[in-house]
Structure formats: C-alpha cells, structure tokens
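Residue numbering restarts at 1 for every chain, and letters A, B, ... go by the order of the sequence lines.
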2 protein chains.
Amino acid sequence: MTLDALPPHQGGAEQLARLLAQALLAGHWQPGDVFPRELDIGKHFAVSRNQVRNALTSLTAAGLLERTAGRGTLVREMGDWHLLDPLMSEWMTGLVDLDPQLIRAIYAFRFSAEPVVAGLAAQAAQAEDIERLESAYAGMKSSAGSVEARAEHAEYDVAFHDATYRASHNLVWRQMGHLLRPSIMALIHRSQHRTGPLDDSLARHRQVLDAIRSRDASAAESAAREVLRRTAIDLGIVS
Amino acid sequence: MTLDALPPHQGGAEQLARLLAQALLAGHWQPGDVFPRELDIGKHFAVSRNQVRNALTSLTAAGLLERTAGRGTLVREMGDWHLLDPLMSEWMTGLVDLDPQLIRAIYAFRFSAEPVVAGLAAQAAQAEDIERLESAYAGMKSSAGSVEARAEHAEYDVAFHDATYRASHNLVWRQMGHLLRPSIMALIHRSQHRTGPLDDSLARHRQVLDAIRSRDASAAESAAREVLRRTAIDLGIVS
DNA sequence: CTTGTTTAAATGTCAGACATTTACTAGACT
DNA sequence: AGTCTAGTAAATGTCTGACATTTAAACAAG
C-alpha cells in the first residue's frame, strides 16, 4: 500500500493523523506491513517532519502502529488496537468501510454490556440524567421517519445511549460511551434502505426511558436488550 | 503544588511521564490548577524541553491535562481521565495512595461487568483459554498463604482475571483487562493484615474456572459475582 | 466605561544537525 | 564453506535555537 491512494489534506497534524488512521482502520495495510517513512509522508503531504511525527505519535498511542528506532514503523494487528481510546472513536466515526469484524465485535460488546448499564442507570439516575434521556428521546421522535433527517436522528440516538451510560454514574462505564458514536453511525450506512422500522426502534427506546425513570432495573435491562436486538437487525448481523 | 515534592528521576521521557502522571493521579494538583510550565519542569528535572513535551503529550492524550497555546497547561478533573488507556493502568499500578473514589469506581465497574464477561467466557472459551485459566489458578494456589509471595500471588490473580476477559473472545472486553492490574494491586496494599481469607478466595476462583470449563454460563456469572463479593471485603468497600 | 493597542508569557512549530538503534553487507580468518 | 567481525546505510529518536501563534493582562484613548 502506498500513500498515493489517500486523499489530500490541509492543515494540522490532527487532520493528517485522522487521514492515516482511517486508512489503517479501513485495512489498507496488513498487520506486519512496514508503514511509510516519516520523510516520505512529509514529502507526499507537504508537511514538516514535526507534523508527521506528531501524527504518528497519536497513531502509536492508539495501538495502530509500532515504531522502533532503526527498524521503522510497523502496522499492528486489530487485537492490539486501543478501541476504547476516544481518538479511535473519533477516527472511526464517519468511516464508511469499517471492518465488518470490528462492527460485530463492538455490537457484541454492546449487546452484553448495555443491559447491565441500563440496569445501573435505573438505580443511579438523577433528575438531570432523566432530563437528558427525555431530551434525546424527544429529538429522536421529532426526526423519525424522514430520510433527510437521518443524520440528525443518529445524533439523538447517540445522545440517548450516551445519556444511559452517564446515568450509571460510574466513571469507567461513562468512558465507554465513546464507542457508541461509531457503532451507531455505522448503522446509518448499513440500513439506508428501510425507513419503516424506525417507529419500532423508537418505541423500544421509550421503554428503556420509562424503566429508568421508574427505577425498575430489571425492566431497563430487558428493554435495553430489545433495543439492541432491533439494532442487530438494522446492522445486518442477524436477519 | 510545586515540583519540589516529587522524587528525582533518571532517564527518558517515559519515566518523567510516569512520575508526573502518578503525582496527578494521587491528587497532588486540584482540577483547574495550572500545571508547571515546560521550561520549569525541564530545569527542575534537568531534561530537555523535548523530553518534557513528549511526557506532557502522553499526559494530555490520557486526559490528565489540557494544554492551550498562550494559556498554559491545566489539570483536568477525574471525570475526564481516560481510565481505559493502557498507559493509565500502567501508571496506576504500584501507586499506593490512589484516590479511594477511583478504587470504588473501578470496583463497581468490575462488579457489574465481570459476571457478564465470565458468562461470555463460558460460551466462547477455547482450549487455550482454559489452559491459561488453569495455569493462573495453579499459580494462585501455589503462592497462597505465604506472606512473602503476596506480590507473586497478585500477579497470578491478575492473570486469572485477564484470562477470563480474553476468553470472552471479544476485542472490546479484552481491552478492559488492563484495568485489572491496578484494581488487584490496590488490593495488596489495602489488605496487608489478613492472610486467612485467601483460601476462601481461592475456592471461589476455582468455581469460576470450573463453570467456564463446563460451559455453564449462568454458573460462571454467579461464581464471578462471589469472587467479587470477596474482593469487596478485602478492599474495605463493604464489611 | 468601553474599546483598542501594546506587551509579556506561554505553548506550538520549524529546520538542521546529531545520536542511536537496527539490519544488511563485505571481508578476514579458521 | 562457515562464522565472526567490522563497517555502512537507513530508519527513528533527540537536542538546540529561533521563530510563530495564541492568550491574557496592562494600559491608553475615546
């Protein structure tokens, strides 16, 4: 894989990092491959070696690359990626050709974890948490059905689930909310055909909200499970 | 807070990063405080500005600091920390005066998550996973009881739980194994008085192992819950 | 009192030289 | 032939000094 296939970029090491990271996430390099040298990257994108090093530092911190003096830069395998690094979530968001294996892994995680989180939320939610959930739900409802508001709907969807994680009032669970955005955004690109099921999804979200509001942990658990069962269908994981 | 209270250091930006990170984790600075300037840090520890910048880059990536040109470096609050960053786990490990609130948060997370993980492990474990679990269990058993082998015992303990997360065969859950080390290491410093309960803990770990081996998900769940209930006592969270 | 300008101080960036690590190559010796 | 030993090239890592940019505060003009 060469750099030629990548789009141009403008401004900042962060942009460059995103560009390279998304190429890696899309699998343009195989694990074990040697990554282009600093100077080549700098020449190709017309940026200083500093910018390149800053970008590569981020990718290395995220577990995408492994650098050693003398040898060069190697591409690490998916199992070494720091999927919970917020930067990773940011890079994954908006990436259309994300590895299906990765999408499945994230979904499987959510399917096992989110019911528990919803249960905790039902126990720990404060008034402000309920408010966030209601606000997100209202946004989902208002943007449901129309095709042009799909992106907006996804944002409210993310907000709803993120509010659930926050309502658990646990520092660790809350960090994991970052994973929601890429997971839910992937859903947009996978299910651009159907529009009918949205009402269904909406009703299930409402049940989660109601269960948390009434502090019914087990009801929240099973309601969250139903939401995710629906998501699995939309993602094309099950039929 | 000044730098004077920190121990000296030798060699490498990573050492410096660990030093500063541990000071931050121990709460030596309040959130919102201004962190010392690059040049002051460099002068104090007799390192180049480069090393300081590399160290601060790591701390910033971990969510411990927030840097903006012109303003300076600010200390972020605990809610912004990237607790799931492997570097954080490394820094937290071996830190004696970790914030009790943090220990509780991590424990609460484990208490809610680990039963689920054990259940998944019972479904997905391969032969090599069982082997890892058995090997770790054997190590725990051989190092049980003796006071001088306490550190060794903790390592096997970490290995056992990490093997559980790995056995779930989910990329996301597996990442979370990093949190185990600081959590279990904190246990050493908190329960340096008792030695008797170790047999108890050992028996409970064995039940987890057996349940996973026999592919009994619900049994694995409740066994993991029992292990963590014991851990809560040893951590002094409940009595 | 408000607005605009200057000044100081902090982080960010650049460029070049140099250091260090690594892998490969060529040769000397047995 | 085989093996050890320089030696060389190439990559990342580091240092240094200067400069750029951003921010906040001081200060002056209206």
Side-chain angles (χ1 to χ4, degrees), chain A residues 1-3 8-21 23-24 29-76 80 87 90, chain B residues 1-3 8-21 23-24 29-76 80 87 90:
Chain A
M1 176 66 186
T2 68
L3 297 169
H9 107 298
Q10 64 170 16
E14 293 172 15
Q15 291 292 325
L16 180 57
R18 159 180 285 116
L19 194 68
L20 297 174
L24 284 163
W29 279 274
Q30 295 300 315
D33 282 0
V34 301
F35 201 72
R37 301 181 288 264
E38 292 178 348
L39 295 175
D40 290 342
I41 300 176
K43 175 171 284 189
H44 182 79
F45 292 107
V47 296
S48 71
R49 192 182 165 211
N50 235 335
Q51 304 254 28
V52 177
R53 283 186 64 77
N54 289 340
L56 293 184
T57 298
S58 290
L59 302 204
T60 305
L64 292 173
L65 297 177
E66 179 186 1
R67 320 189 69 203
T68 44
R71 186 175 333 182
T73 303
L74 300 182
V75 176
R76 301 185 70 177
D80 294 325
L87 269 180
E90 190 184 325
Chain B
M1 177 67 186
T2 69
L3 297 170
H9 98 113
Q10 64 171 12
E14 293 172 15
Q15 292 292 326
L16 180 58
R18 159 180 283 116
L19 194 69
L20 297 175
L24 283 163
W29 278 274
Q30 295 300 315
D33 281 1
V34 300
F35 201 72
R37 301 180 289 264
E38 291 179 350
L39 295 175
D40 291 342
I41 299 175
K43 174 170 286 187
H44 182 79
F45 292 107
V47 295
S48 71
R49 194 184 162 208
N50 236 337
Q51 304 254 29
V52 177
R53 283 186 63 78
N54 288 341
L56 293 184
T57 297
S58 290
L59 303 205
T60 306
L64 292 172
L65 297 177
E66 179 186 1
R67 320 189 68 203
T68 45
R71 186 177 331 179
T73 303
L74 299 182
V75 177
R76 302 184 70 177
D80 294 324
L87 269 180
E90 190 184 324

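- Atom CZ of A:Arg49 and atom NZ of A:Lys43 lie 14.0 Å apart (nearest 0.5 Å).
- Not a single side chain to side chain donor-acceptor pair (under 3.5 Å) links B:Asn50 to another residue, sequence neighbours left out.
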Review item, side-chain donor-acceptor pairs of residues 56-64 of chain A, under 3.5 Å, at least two apart:
from: A:Thr57; atom 1: OG1; to: A:Arg53; atom 2: O; distance (Å): 2.7
from: A:Thr60; atom 1: OG1; to: A:Leu56; atom 2: O; distance (Å): 2.7

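- Contact check of residues 57-64 of chain B against DNA chain C (heavy atom, cut-off under 4.0 Å) returns no residues at all.
- Comparing the start and finish of the helix from C:dC1-D:dG30 to C:dT30-D:dA1, five pairs each, the helix axis swings through 0°, to the nearest 10 degrees.
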For this session: Between protein and nucleotides 9-17 of chain C, map the contacts as a letter string: B base, S sugar-phosphate only, - none, heavy atoms under 4.0 Å, written 5' to 3'.
Result: -BBBBBS-B

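- Distance check, rounded to the nearest 0.5 Å: CZ of A:Arg76 to CD of A:Glu66 gives 5.5 Å.
- Scanning both residues, A:Asn54 and A:Ala13, for their nearest heavy atoms gives CB-CB, 3.9 Å.
- By the side-chain contact (heavy atoms from CB on, under 4.5 Å) test, A:Arg18 pairs with A:Gln15, A:Gln22, A:Glu90, A:Trp91, sequence neighbours left out.
- With contacts defined as side-chain heavy-atom distances shorter than 4.5 Å, the pair A:Leu74/A:Asp33 does not qualify.
- A 4.5 Å side-chain heavy-atom check between A:Phe45 and A:Val52 finds every atom pair outside the cut-off.
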Problem set entry | Residue pair A:Val75, A:Leu65: steps toward the side chain to side chain contact (heavy atoms under 4.5 Å, CB included) verdict | CA-CA 5 Å; A:Val75 176; A:Leu65 297 177; 4.1 Å; yes

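- Taking 4.5 Å as the limit, every side-chain heavy atom of A:Arg37 sits out of range of all side-chain heavy atoms of A:Thr73.
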